[in-house]
Amino acid sequence: MLSTVVFDLGRFGIQFVASPRHADGIVVSGAVSENMRTALLDTYAAVPAPKLVIAVGACAISGGPYVDNAEVHNGCAALLPVDLFVPGCPPHPLTILDGLLRLLGRLPPDRRVGLTSE
């Protein structure tokens, strides 16, 4: 959704790439099950330093409706150092964009992201 004409992450220099070796970080957008733990840790290890971890949505942040389930970790922060938490279930694309721009220092703290001019 963020790569569409409306939001266009590319204009901010943000791109999604297929290989973690070409990435500056990873986006976790769902619950981390025990079966996916190794894949997540291997992906994180493949990203060159310095790297970012972004947890998007309630499932990635806390496990969502699966919290305290034996097969699901209660958020990816239990496994990785998270730099940005984007709340929501699911979060609105503007919320994600706002968080990314603030994390990268491209949006002043007193300015809001929106589709209309203020």
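Start at 1 with the first residue, then count along the sequence.
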Hey, can you pull the donor-acceptor pairs under 3.5 Å for the side chains in residues 55-70, sequence neighbours left out?
from	atom 1	to	atom 2	distance (Å)
Ser62	OG	Ala58	O	3.1
Ser62	OG	Gly64	N	3.4
Asp68	OD1	Asn74	ND2	2.9
Asn69	OD1	Glu71	N	2.8

Pair Asp98-Leu107, side-chain contact (heavy atoms from CB on, under 4.5 Å): steps then yes or no: CA-CA 8 Å; Asp98 182 84; Leu107 188 66; 3.4 Å; yes
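- Among residues two or more places apart in sequence or in another chain, the side-chain hydrogen bond (donor to acceptor under 3.5 Å, both in side chains) test is passed with Gln15 by none.
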Check the pair Leu52, Asp24 against side-chain contact (heavy atoms from CB on, under 4.5 Å), reporting the backbone distance first and the verdict last. CA-CA 6 Å; Leu52 298 171; Asp24 294 321; 5.5 Å; no
Report all side-chain donor-acceptor pairs from residues 75-97 shorter than 3.5 Å, counting only partners two or more places apart or in another chain.
from	atom 1	to	atom 2	distance (Å)
Asp83	OD2	Val53	N	2.9
His92	ND1	Leu94	N	3.0

Full working for side-chain contact (heavy atoms from CB on, under 4.5 Å) between Ser19 and Val17: CA-CA 6 Å; Ser19 172; Val17 295; 5.8 Å; no
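- Here Glu34 contributes atom CD and His73 contributes atom NE2; the two are 4.0 Å apart, rounded to the nearest 0.5 Å.
- A distance of 13.0 Å separates CG of Leu40 from CG of Asn35, quoted to the nearest 0.5 Å.
- Between Arg21 and Ala46, the shortest heavy-atom distance links the atoms NH1-CB, 3.0 Å.
- Counting only distance, with no hydrogens or angles, the side chain of Lys51 and the backbone of Ile26 share no donor-acceptor pair below 3.5 Å.
- Side-chain contact between Ile54 and Val28 is absent, with no heavy-atom pair separated by less than 4.5 Å.
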